[in-house]
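Scroll down for the structure; my scribbles are underneath it.
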Protein chains: 4
Amino acid sequence: MTALPPVRLRADARRNRDKIVAAAVHAFTEDGPYLPMEEIARLAGVGVGTLYRHFPDRDALIMAVVQDSLGTMLARARAAAVDEPCAWDALIRSMSGSPEIRLALRLPNLFQPATTEVIRADPEIRRIRGELMAQIDTLVQAAQQEGTLRADVGTGDVVHLFSLLLQGMQKMPREVGEAVYERSCAIVLDGLRTRRGPLLPGGPLTLRDITE
Amino acid sequence: MTALPPVRLRADARRNRDKIVAAAVHAFTEDGPYLPMEEIARLAGVGVGTLYRHFPDRDALIMAVVQDSLGTMLARARAAAVDEPCAWDALIRSMSGSPEIRLALRLPNLFQPATTEVIRADPEIRRIRGELMAQIDTLVQAAQQEGTLRADVGTGDVVHLFSLLLQGMQKMPREVGEAVYERSCAIVLDGLRTRRGPLLPGGPLTLRDITE
Amino acid sequence: MTALPPVRLRADARRNRDKIVAAAVHAFTEDGPYLPMEEIARLAGVGVGTLYRHFPDRDALIMAVVQDSLGTMLARARAAAVDEPCAWDALIRSMSGSPEIRLALRLPNLFQPATTEVIRADPEIRRIRGELMAQIDTLVQAAQQEGTLRADVGTGDVVHLFSLLLQGMQKMPREVGEAVYERSCAIVLDGLRTRRGPLLPGGPLTLRDITE
Amino acid sequence: MTALPPVRLRADARRNRDKIVAAAVHAFTEDGPYLPMEEIARLAGVGVGTLYRHFPDRDALIMAVVQDSLGTMLARARAAAVDEPCAWDALIRSMSGSPEIRLALRLPNLFQPATTEVIRADPEIRRIRGELMAQIDTLVQAAQQEGTLRADVGTGDVVHLFSLLLQGMQKMPREVGEAVYERSCAIVLDGLRTRRGPLLPGGPLTLRDITE
DNA sequence: GATGAATGAGTGTTCATTCAT
DNA sequence: AATGAATGAACACTCATTCAT
């Protein structure tokens, strides 16, 4: 689910807007959010002029990407809460289940300090973020009730740890990133769980595994 | 311990060089490595020309900062290995003891892909990094021998997790960062330990705690 | 005739491109090819950005100027071959008839060695240059056939001498340059002709004539 | 013979001064007069500071090089006038006999307009130049008296033509430059002589001969 | 006097943003 | 509404010249 821009757009304009946001999500994920606007437009298959018609400056585009991403994440978290009988599983799925979620959790760390401030100040983002956080809060409490999540952690602890785990996947080839994530996640979950989990997946990582 | 530049410099030039690296370390930590060279020079209290005399381009400066950081971290890790009777404690101190270590562990994620390649290729950096990694490897194995560190993790797992924890301190005011780090670290250590540790420090974090 | 850039440009862009090349030809002739890019842009009446959109760096602009000049010279040489009944006259007109020709013949000596290499390597320039040389070669042989040009010179001799004569016009006020050129040219032509020509134009030059 | 700087220098300082001028002459000949001052100092085997102690700025160094060069040329012209029984031969030897002469004749064309003005204004250069020109003037008149040089040319014509011929040697490998010069010179001499000379040296030049 | 480090103005080039087509 | 050309401010880097050692 995506946050809608204030006004209705003609169908083709809407399509352009979506192409741009999609291209930006992809580009931000690969190269960070400060690649040339012209390049983003090229990747979206539109002219720069069109990009600027939809988003008056880079910050506006970034905002749209963040809104889009958080919106998607909220939808998934709600779905997980409904689908999964066990709160612990719903929580984990909410925080790591899909590429969109992974991007959303990494976003806050991609930007320069000034941009970060702007993002934090955006009311729409505050709204979505608030709903998302409430949703996760609910899951955290439920998991503590059911006795799977240790009682002395809060939602902030959980979110922070997952956001770090996902950031760790950057800068690595996809395959390696996945494997590294799986193991680190398992270790962290053992730290979060009431009782220690099963053996870690795969074998111990060497330093080579995480560097090249 | 700091990586020395290849040739002896006149005393004043040496002093300038050190001022520049120190300013760059500080600036990179705050604003990332792509702030204007002129700004770095200003922070170091020298002219741009001086900066460029010492480092022919931004990459050269970045390299010097990385060498410096890794060198410092290596020295600390060795000191920890000598001082601490218990390998577990030495390991933790090696990976989280000081701002320099924290910078060193965050460095790999600060740079653009092209710069990252250049850094990886530098022979001096490869050398220091190799020694550092060997040192940590030794501590990991010792900690597993003494039964404090779980047997199914490798040095790569440990280093990766600490590097993430330290990255998490960015973007937060120092106080908050410290507190968040302490708690996340305790949770991760519980995941890494053979047996569950004591209660986490402080109280559960809320979402407000990690966002503003 | 002017070498066309590979792709069609919007009318206004085409006009700007032409203004830039014209300004560059003029500026190179006056001040050599290494005046500030900003100055060239100013002379062309455009912003630096526009200059760089059309020519990604100074070398690209230089190349365009060289192509343009050689193209013009080729067109004139062909016209001269058609118009003039006598090959000797066609040859002289080809080599000295206009400012464009004069620039084209001086070009090889205006650039720094590195730039010169780049120019020589450009395929488009090689092509135009080849056609031009073939054309002049034809005229040289025709002039030798008709008995006006001495038989023991080659096209290289002729081109080299004219190129020197034209270089001699630099560094002098236009009036003086013209007069000096006319006389030197007449002397050289006497050296090239089968039979000695008429008296030289004007009176003997003193040293003052060529220095101030 | 070299124009002396106003004050006596200590022997070692004098030696440095000479090394610098010699290096500058060489460097100007190869790369033009606008290479970095630091590079000139390096070629001379001294520090920049030393260069600047002797010559307060680039123009001062250029001036010294021009003075040096003209002085040498004057000495050679005088020697030729004394040695050669025939004025025509003395004239030719004066204008093309040695590398120093060739440099001196090319110098005026190496500089940017502004520098050229400064050179022209220098009183010492005006003085040497005046003497040199008087000397050549004498030879020109003598050659016309003896009937070898055509009567309708002046010293200015002769000097201009030789200066062009020598400029033509730049930008070519030495071997090629020499051969091209010999032929062009012979053609020009045929234009200057009262009666046509013998066949040109070597064979006709093709275009390839003068371009690569 | 010699040296080479420090300075900062000058220039090439990029890129966010605006605007004519 | 879309396009891509034009603009100029911003930044990287160079080099003439000055000055501390």
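Protein chains get the first letters and strands the later ones, always in sequence-line order, with residue 1 at the start of each.
- For D:Asn16, a side-chain nitrogen or oxygen approaches OP1 or OP2 of E:dA2 to under 4.0 Å.
- If you measure from atom CZ of A:Arg42 to atom P of F:dT3, you get 14 Å, rounded to the nearest angstrom.
- Comparing D:Gly45 and B:Val46 by the nucleotide of DNA chain E that holds the closest heavy atom to each, the one mapping nearer the 5' end is D:Gly45.
- The distance from atom CG of C:Leu51 to atom P of E:dT11 is 15 Å, rounded to the nearest whole Å.
- Side-chain contact between C:Val66 and C:Phe111 is present, with at least one heavy-atom pair separated by less than 4.5 Å.
- The interatomic distance linking D:Lys19 (NZ) with E:dG1 (P) rounds to 16 Å, in whole Å.
- Of the candidate nucleotides F:dT3, F:dA6, E:dG4, E:dG4 has the atom lying nearest to any side-chain atom of B:Arg53.
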Please table the atom pairs, donor to acceptor, closer than 3.5 Å between any side-chain atom in residues 23-33 of chain D and protein atoms at least two apart or in another chain.
residue : atom : partner : partner atom : Å
D:Thr29 : OG1  : D:Val25 : O            : 2.6

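- With sequence neighbours excluded, no residue satisfies salt bridge (Lys or Arg N to Asp or Glu O under 4.0 Å) with B:Arg15.
- Among residue pairs with one or both ends in residues 51-60 of chain C, none qualify as salt bridge (Lys or Arg N to Asp or Glu O under 4.0 Å); sequence neighbours excluded.
- B:Thr50 has no side-chain polar atom (N or O) that falls below the 4.0 Å cut-off from OP1 or OP2 of E:dA5.
- Residues that satisfy the side chain to side chain donor-acceptor pair (under 3.5 Å) test with D:Thr50, not counting sequence neighbours, are absent from this structure.
- When rounded to the nearest whole Å, the span between CZ of D:Phe55 and P of E:dA2 equals 12 Å.
- Applying the side chain to side chain donor-acceptor pair (under 3.5 Å) test to pairs two or more places apart or on separate chains, those with a residue in residues 32-43 of chain D are D:Tyr34-D:Thr115, D:Glu39-D:Arg42.
- Atom CG of B:Leu61 sits about 9.0 Å away from atom CZ of B:Arg17, to the nearest 0.5 Å.
- Across the protein-nucleic acid pair, D:Glu39 atom CD and E:dG4 atom C1' stand 15 Å apart, rounded to whole Å.
- Distance alone, capped at 3.5 Å, places no donor-acceptor pair between the D:Arg126 side chain and the D:Ala121 backbone.
- Remark: DNA chain E forms stems of 3 or more consecutive Watson-Crick or G-U wobble pairs, all pair distances under 3.5 Å, at E:2-21 with F:2-21.
- Taking atom CZ of residue B:Arg14 and atom C1' of nucleotide E:dA6, one finds them 17 Å apart after rounding to whole Å.
- Atom CD of residue D:Gln67 and atom CD1 of residue D:Ile62 lie 12.0 Å apart, to the nearest 0.5 angstrom.
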Quiz item: How would nucleotides 11-21 of chain F be written as a contact map, 5' to 3', with B for base contact, S for sugar-phosphate-only contact and - for no contact, using protein heavy atoms under 4.0 Å?
Solution: SSBB-SBB---
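- Considering only the side chain of B:His54, E:dA6 comes nearest among F:dT7, E:dA6, F:dA2.
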